[in-house]
Structure formats: structure tokens, C-alpha cells
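Right, one structure below, let's go through it.
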Amino acid sequence: MQPSNALDPEDGSYEELLAMWADLEAGLSVVLLAPGHIPDFQKKIGQYDGWMRGLLERDTDIALYLLFQLAATSTTGYSASHALVCAVLCHITALELKLPAAERDSLVHAAMTMNVSITSLQNELAVQSAKLSGSQRAALHQHGARSRKVLADRGVADPLWLDVVAAHHDELEGSGAANLAPQPRRLAQLLQMIDRYGAMISPRKSRSARSVSESLREVVTGPGGRRTELGDALVRAVGVCPPGSFVRLTNGETAVVLRRGDSPEDPVLAVLVDPQGRPTTPPRLHQKSAGAASVLGALSGLDGPSEAGRWTSG
């Protein structure tokens with residue numbers, strides 16, 4: 001995959017897209033916090049899905065860049081942010097799997113609303129340093145079924161959407177999903193994997209974020225460490241180190257991933273910090289050539305100031 005047109009940080013494009021994604025996240029937060037006050041809830045979620053797809057069609061790599069940067073650096077409105085990250089990842093993975101449009105819609109809508117019964121609790125937990133209380137644990141344990149009920153009560157009539165929400169935290173490899181049809185089980189497995197991935201790369205007061213490559217490696221393998229079809233699709237869709245993640249190069253430099261590359265292991269990079277820890281000002285595009293430094297591993301974040309937030313051309 002070759003980089004698409006550059007997004008010049010000086011022409012206002014970055015700020016414009018960032019504002020659009022922030023508006024989408026804020027609107028989704030309002031819907032998820034007060035579903036009982038939203039007329040025609042199912043239609044409203046469809047509208048937010050359409051808004052999301054429109055932004056992704058403008059530039060998927062920039063969208064991933066913005067979302068991963070936000071997910072790794074902020075806990076404000078965590079529940080809506082997490083729902084949006086998961087919806088985006090479900091969308092691009094559904095495209096990779098060539099899912100039928102109806103299945104894709106049910107999956108993405110489930111990603112947006114899977115935690116509708118615990119939106120406020122999720123926001124609280126993102127900034128809570130104390131251990132979970134008994135009531136918090138119970139709410140988390142029961143939220144799949146409760147979210148399904150909230151959605152059904154708000155007029156959601158898509159059975160696949162409802163089933164995927166209800167099952168997205170079940171033990172899908174075992175007897176807990178014995179009565180679940182293959183179609184919703186497969187989509188619930190995909191959402192469960194993406195839900196875990198999004199949660200692992202996001203920081204909490206009680207823990208720091210994990211690197212995207214470490215998180216991806218853990219969630220895409222099945223029992224016994226075996227690779228899965230769904231896991232492989234996620235890797236192909238977002239890359240080992242998606243746009244917006246920070247990486248260490250074999251020569252000691254630190255870089256940010258700008259865009260997905262020709263293979264999941266070969267992203268387009270901008271170097272931010274030299275081997276001695278000094279900022280590279282301005283950041284420079286990493287040149288691929290014989291003998292050039294390669295990605296050694298992903299980082300969970302970047303210490304100190306940088307221009308990464310606005311340097312997204314490629």
C-alpha cells in the first residue's frame with residue numbers, strides 16, 4: 001500500500017480533520033451517556049456510522065493516526081473514544097474480510113454500542129486508581145446482557161447487532177456460546193478481539209498503556225499461541241504498528257508511524273528523536289534503502305516534546 005496524498009500540517013487540514021473526529025466522538029458520547037433521551041436511537045447510530053465512514057474515506061491512514069494518538073494519550077471521555085476506535089477497527093477489518101454489508105453494519109453498530117449500559121462507569125474507571133469495587137465488577141460482568149436490553153428497549157431491531165453486543169464478552173470458545181449461531185459467534189469473536197486490543201493500548205490511572213505491537217501480538221493469537229483467521233485479518237488491516245504509534249529503530253532512533261506500508265511490518269515512518277535522545281527538528285521521513293535501519297519494536301508512548309502530533313505527511 002503506497003502512501004496517499006500528503007496532509008500538510010501548515011494548510012489547516014490536520015486541524016480540520018482532528019476537529020471533525022473530536023466532534024464525532026463528542027456526539028457519540030452524548031448518545032451513549034443518555035440513550036433514553038435519543039429519539040430513534042437506531043437511526044442515530046446509523047448516522048454516526050455514516051459520518052465515521054465519510055471521514056475514513058477521506059484518508060484512512062490519517063484517521064488511524066489521529067485515533068491511536070488520542071487513545072494513547074487521553075482518558076477524557078474514555079468510553080466514547082474506545083467505542084469509536086473499536087468501530088473504526090471493525091470497519092477496516094470487515095473490509096479486509098470482505099464481510100457482506102449487512103454483517104459489517106451490525107458489527108460496527110455493535111462496536112459503537114457494546115458498552116452503552118456502562119458508559120459512565122467506563123469513564124470513571126479510566127481515571128480511577130483504586131481497585132474495582134464489588135459492584136463495579138458485577139456491572140462489568142453483566143454489561144453485555146444489560147447493553148443488549150438497553151438497545152432493545154431503545155428500538156434496535158437488528159438481531160445480529162443485539163446478539164453480538166450480548167456475546168462480546170462471553171467465553172466464545174467454550175460452552176458459553178454453544179447456543180449461538182455461527183454468524184453472530186464469529187462477529188462477536190472479532191469484536192471481542194478488537195475490544196481487548198483497544199483497551200490494552202489505552203492508558204488508565206491504574207496502569208500505563210501497552211505498546212500496540214505487544215497488544216496486537218497478545219490478542220490475535222488463539223489458545224496455545226496459534227494464529228487465527230480473524231487475528232490475521234486485523235494485522236493485515238492495521239499493520240503491526242498502526243499509524244500514530246511510536247517505534248524504536250535498529251539504529252536507536254525513535255519514529256512515529258505515519259501510514260501503513262506495503263506489508264504489515266513495513267510502515268511509513270517519520271524520525272522524531274536521534275539515537276542520543278535529541279529531537280529531530282523538523283522530523284524527517286525515514287528513507288527505505290538497502291541497509292537502512294528497520295523497526296526494532298513499538299513503544300507505549302514518547303517522552304518529552306515532539307512535533308509528532310501535527311507531522312502527518314507521507
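As a basis for the values below, the full set of heavy atoms in this structure was taken, side chains included, without hydrogen atoms, waters or symmetry mates. For this chain, numbers begin at 1 and follow the sequence in order.
- Among Leu64, Leu84, Asp195, Leu67, the one residue that satisfies the side chain to side chain contact (heavy atoms under 4.5 Å, CB included) test with Leu89 is Leu64.
- In this structure, the side chain of Glu253 does not engage the main chain of Val273 through any donor-acceptor pair within 3.5 Å.
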From CA spacing to verdict: side chain to side chain contact (heavy atoms under 4.5 Å, CB included), Leu99, Arg186: CA-CA 11 Å; Leu99 293 183; Arg186 183 168 183 253; 3.5 Å; yes
Pair Gln128-Gln136, side chain to side chain donor-acceptor pair (under 3.5 Å): steps then yes or no: CA-CA 12 Å; Gln128 177 176 308; Gln136 288 174 332; 3.0 Å; yes
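- Using a distance-only test at 3.5 Å, with no hydrogens or angles considered, a donor-acceptor pair links the side chain of Ser147 to the main chain of Met114.
- Using a 4.5 Å heavy-atom cutoff, the side chains of Val271 and Leu249 are in contact.
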Test side chain to side chain contact (heavy atoms under 4.5 Å, CB included) applied to Asn115 and Leu32, step by step: CA-CA 8 Å; Asn115 299 319; Leu32 296 178; over 6 Å; no
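- No donor-acceptor distance shorter than 3.5 angstrom exists from the side chain of Ser117 to the backbone of Arg146, with no hydrogens or angles considered.
- In this structure a side-chain-to-backbone donor-acceptor pair under 3.5 Å is present from His143 to Leu140.
- Residues that satisfy the side-chain hydrogen bond (donor to acceptor under 3.5 Å, both in side chains) test with Glu265, not counting sequence neighbours, are absent from this structure.
- Considering every non-hydrogen atom in both Ser245 and Cys241, the closest pair reads OG-C, 3.4 Å.
- Remark: Arg148 engages Asp163 in a salt bridge, criterion side-chain N to carboxylate O under 4.0 Å.
- The two residues Pro243 and Leu258 make their nearest non-hydrogen contact at CB-O, 3.5 Å.
- Judged by distance alone, the side chain of Arg154 and the main-chain N or O of Pro35 form a donor-acceptor pair under 3.5 Å.
- Distance alone, capped at 3.5 Å, is enough to place a donor-acceptor pair between the Thr250 side chain and the Ser294 backbone.
- Considering all non-hydrogen atoms of both residues, Ala157 and Gln42 come closest at N-OE1, 2.8 Å.
- In summary, Asp49 and Arg53 engage in a salt bridge, as defined by a charged side-chain N under 4.0 Å from a carboxylate O.
- Put simply, the side chain of His109 gets close to the backbone of Asp105: a donor and an acceptor are under 3.5 Å apart.
- The two residues Ala63 and Trp21 have their closest heavy-atom pair at CB-CZ2, 3.3 Å.
- Residues Leu162 and Ala152 share a closest heavy-atom pair of CD2-N, 4.0 Å.
- In this structure, Asn123 contributes its side chain and Tyr78 its backbone to a donor-acceptor pair below 3.5 Å.
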Criterion side chain to side chain contact (heavy atoms under 4.5 Å, CB included) on Leu107 and Arg104, from CA distance to verdict: CA-CA 5 Å; Leu107 174 65; Arg104 176 263 167 217; 5.8 Å; no
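- The pair Lys149-Asp153 counts as a salt bridge, with a side-chain nitrogen and a carboxylate oxygen less than 4.0 angstrom apart.
- Nearest heavy-atom pair across Ile62 and Asp59 is N-OD1, 3.0 Å.
- No donor-acceptor distance shorter than 3.5 angstrom exists from the side chain of Ser29 to the backbone of Glu25, with no hydrogens or angles considered.
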Derivation of the side chain to side chain contact (heavy atoms under 4.5 Å, CB included) call for Val108 and Met52: CA-CA 10 Å; Val108 171; Met52 180 193 80; 3.9 Å; yes
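- Under the side chain to side chain contact (heavy atoms under 4.5 Å, CB included) rule, Val257 has a single partner from Asp61, Leu269, Val268, Val240, which is Leu269.
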